[in-house]
Amino acid sequence: MSFINWPLKPLYLLQNKQLLKSLKHLNKYFIKYRIRLILGLLIAVTSRLFAVAVPKFIGDSVAEVELYVKGEINNIEIVKSSLFINILIIIGCALLSGFFMFLMRQTVIVVSRFIEYDLKNEIYEQYQNLSLSFYKANRTGDLMNRISEDVGKVRMYAGPALMYSVNTITLFAVVLTYMSSIAPMLTLYTIAPLPILSLSVYYLSVAINKRTTVVQEYLSRLTTFTQESFSGIAVLKAYQIEGRTTNDFNELANQSKQKSINLARVQALFFPLMVCLIGISNIIVIYIGGKQYLNGQISDFGILVEFIIFVNMLTWPVATVGWVSSIIQQAEASQKRINEFLETVPEIKNDKNAISTPIAGAIAFKNVNFTYPDTGIQALTNISFEIEAGQTIGIVGNTGSGKSTLLELIGRLYDPTHGQITIDGIELNKIDLQNFRSQIGYVPQDAFLFSDTIENNICFGKNNATESEMIEVAKIASVDKNIINFKNGYQTLLGERGVTLSGGQKQRVSIARALLKKPNILLLDDSLSAVDTETEKQIIKNFKALSEKRTSIIVSHRISSVKNADLILVFEDGKIIQKGDHQSLTTQKGYYQDLYNKQSQKKEM
Ligand code: ADP
Ligand code: MG
């Protein structure tokens, strides 16, 4: 930007439509709350009118005293009584102005809180719709920032920035009209330094915002650092590196301190600068106005007093012009980031003509390939198999062979890159997503429990479950006996403020959660790995005893988990290398036989 242009930069920013494009997203909310906003505007104008009356009556009072001093009024009683009335009016106007200011905050700032709430909900809803691959591609911290920090900055635009703009515009309109009606030339001189004030505040605000961002970045680094060292405290202690982490922390805290000092330095300039510029304006009024008064261009001394009060009234709003433009700039950047998320189309789409139907659970894969979009790793190659409804399938294979990926495709967390998956002969992507997911029970490899009661964790997928239903599934998953041993039973809190479950207990609670939905397809991804073999046997026996017909797919590293399955698939490098039941696979040379031999030897030892 050229030197001549730079003072105009703030205006340029505000005018540039391209730059403010993102904030248009908020227009629907402004329309939604238009009545409150218009009300706020009217109240702002009213408040201004009362505020402007104050200097006028002070000026009038001074003029009255001047007339008495000059001897143009002789009766002191008349002066006294009119001064008394003026004082009452001034107090009244100030109180009313303050009251309307209070009302305006109640409308405009409250609207900005409404908008903040709506926007957070809008973002959160979108987060829920987005596919798994979106979460793999974006860091959790970024997602959290969108919904907290960025929304906060946008709120500053929808609330305070709007309010101060309305304030400034109405004040200017009212005050300038009045001022120029009584002394046009003096008005011009008085307001001349104000644009400089506005510009300086703008540049200062931009510098402050930049440094604030850096400070916040360091704060979040510190938070992440401490959080990680707290959750990994057992490892830190075991490796005796407390000293090293303390040093690292010191280093980070020191950098953070330095950034805060940098910020404080710029912030310290703010008020001195304002006071200095207000002072200059005051001097101009006194100097020029004084001269004009002596020349007789201004009729009474009261006008000078009024103008000094007006200048002081105008400076803060003028300063806010600079501040507001920096807020708008930040809000624009934040809204742009938010819009990027809002405009992301979920990869897993619900077909317009999708059907909702109860499924029986027959699954067929036809030449399915799958490549992870983010890493480009081909996790599945040419997978074909068929399962009848109600059958149990076992899947074994080394880590990284594609077992979890297969289950994710069945749960439609991803769509295949090539090939076709059908459920009861219907293409999976032709079935309504919600309807389909409500009929499957999926226990992911890393079982996740919320920091909530055990009851809520089990009943998570089915809100209207009865207590006996919950206990029934807990018994099938063989976790009931553990839970009733806790002091608070099913009401036991899990997570940070509660009990930590063992790996095996977690897995079994997750299984109970999946079973409660009475799914027609049950997907267990290595969900018994941390369960001891006796309990595992019991769970598998419980499954078999269930009266409902259900298709089960059990991924496992243990032969014992899969040996009763109707069909066993052996995976290697994303391909099926062996297929058959336990009987036939143990007699074939290959992975399955080796695994079987290894695991049965272990038992004998
Ligand atoms: P298994 O469950 O048999 O251990 P996975 O299905 O988890 O195997 O992984 C198969 C392959 O896909 C591996 O090479 C793994 O690195 C890769 N993979 C798994 N999950 C992802 C992911 N979310 N993004 C990219 N690559 C992945
Ligand atoms: Mg896996």
Side-chain angles (χ1 to χ4, degrees), residues 127-143 344 346-348 363 365 367-385 387 392-419 421 428 437 440-449 503-504 506-508 510-511 513-514 521-531 536 552-563 565 567-579 585 590-592 594-596 598-599:
Y127 278 172
Q128 300 293 300
N129 283 333
L130 287 168
S131 327
L132 216 54
S133 53
F134 170 85
Y135 286 92
K136 295 270 156 75
N138 289 286
R139 283 182 307 164
T140 314
D142 283 341
L143 303 184
T344 309
E347 273 167 35
I348 307 291
I363 304 173
F365 271 57
N367 305 323
V368 169
N369 282 7
F370 181 73
T371 305
Y372 278 101
D374 45 339
T375 52
I377 292 175
Q378 176 153 8
L380 293 177
T381 311
N382 208 16
I383 300 294
S384 301
F385 66 88
I387 317 172
T392 300
I393 301 287
I395 298 180
V396 292
N398 287 329
T399 42
S401 57
K403 306 181 297 294
S404 297
T405 309
L406 183 90
L407 297 195
E408 283 171 354
L409 290 191
I410 296 175
R412 237 196 131 196
L413 295 171
Y414 292 99
D415 278 338
T417 321
H418 280 293
I421 303 173
L428 182 51
R437 287 206 183 131
I440 63 170
Y442 173 40
V443 184
Q445 194 162 6
D446 36 4
F448 183 82
L449 299 181
K506 263 194 213 166
Q507 287 183 333
R508 282 175 284 149
S510 305
I511 292 174
R513 173 198 282 167
I521 298 177
L522 180 66
L523 309 171
L524 301 182
D525 193 350
D526 223 359
S527 309
L528 295 168
S529 59
V531 177
E536 180 196 18
S552 306
I553 302 187
I554 303 175
V555 169
S556 181
H557 279 101
R558 289 205 201 122
I559 297 289
S560 53
S561 292
V562 295
K563 70 174 185 207
L567 175 71
I568 299 167
L569 306 175
V570 181
F571 270 68
E572 191 180 280
D573 285 338
K575 297 184 198 89
I576 297 175
I577 50 163
Q578 283 185 297
K579 213 188 244 191
L585 286 176
Y591 182 91
Y592 192 85
D594 294 345
L595 193 69
Y596 176 69
K598 247 187 266 167
Q599 291 187 1

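Sequential numbering from 1 along the given sequence is applied to the chain's residues. Both ligands and their constituent atoms are indexed starting at 1 by order of listing. Just so you know, these numbers use all the heavy atoms, side chains as well, and skip hydrogens, waters and symmetry mates.
- On a distance-only criterion, Ala379 and ligand 1 share no N/O pair closer than 3.5 Å.
- When atom types are taken as modelled, the side chain of Ser556 and the backbone of Val562 share no donor-acceptor pair closer than 3.5 angstrom.
- Numbered from 1 in the order shown, with element, the atoms of ligand 1 that lie under 4.0 Å from a heavy atom of Thr375 read 25 (C), 26 (N).
- Side-chain contact check for Tyr372 and Thr405: at least one donor-acceptor pair (N or O, by modelled atom type) lies under 3.5 Å.
- Summarising the contacts of atom 4 (O) of ligand 1 with Gly400, Gly402, Gly376, Gly397, the nearest heavy atom is found in Gly400.
- At a 4.0 Å cut-off, at least one heavy atom of Ser401 sits close enough to ligand 1 to count as contact.
- Under 4.0 Å from ligand 1, heavy atoms of Thr405 appear from its side chain as well as its backbone.
- Of all the listed residues (Phe370, Phe571, Tyr372), Tyr372 holds the heavy atom that lies closest to atom 21 (C) of ligand 1.
- Note: Phe365 and Phe385 have parallel aromatic rings, judged against thresholds of 30 and 60 degrees for the angle between ring planes.
- The closest donor-acceptor contact from the side chain of Ser131 to the backbone of Ile348 lies under 3.5 Å.
- For Asn398, every heavy-atom contact with ligand 1 shorter than 4.0 Å involves the backbone, none the side chain.
- For a threshold of 3.5 Å applied to N or O pairs, the pair formed by Ile377 and ligand 1 contains no separation below that value.
- Applying side-chain contact (heavy atoms from CB on, under 4.5 Å) to Val368 and the options Thr381, Asn382, Leu406, Leu409 leaves one that passes, Leu409.
- Near Ser404, meaning under 4.0 Å from any of its heavy atoms, are these atoms of ligand 1: 1 (P), 2 (O), 6 (O), 7 (O).
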Determine, stepwise, if the pair Val443 / Gln507 fulfils side-chain contact (heavy atoms from CB on, under 4.5 Å). CA-CA 8 Å; Val443 184; Gln507 287 183 333; over 6 Å; no
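- At least one protein heavy atom sits closer than 4.0 Å to atom 19 (C) of ligand 1.
- For the Mg ion (ligand 2), the N/O/S atoms of Thr405 include none lying under 2.8 Å.
- Note: angle at the Mg ion (ligand 2), from OG of Ser404 to OE1 of Gln445, is 90° (rounded to 10 degrees).
- Between the side chain of Arg513 and the backbone N or O of Leu449 there is no donor-acceptor pair closer than 3.5 Å.
- Inspection of the Asn367 and His418 side chains reveals no N or O donor paired with an N or O acceptor under 3.5 Å.
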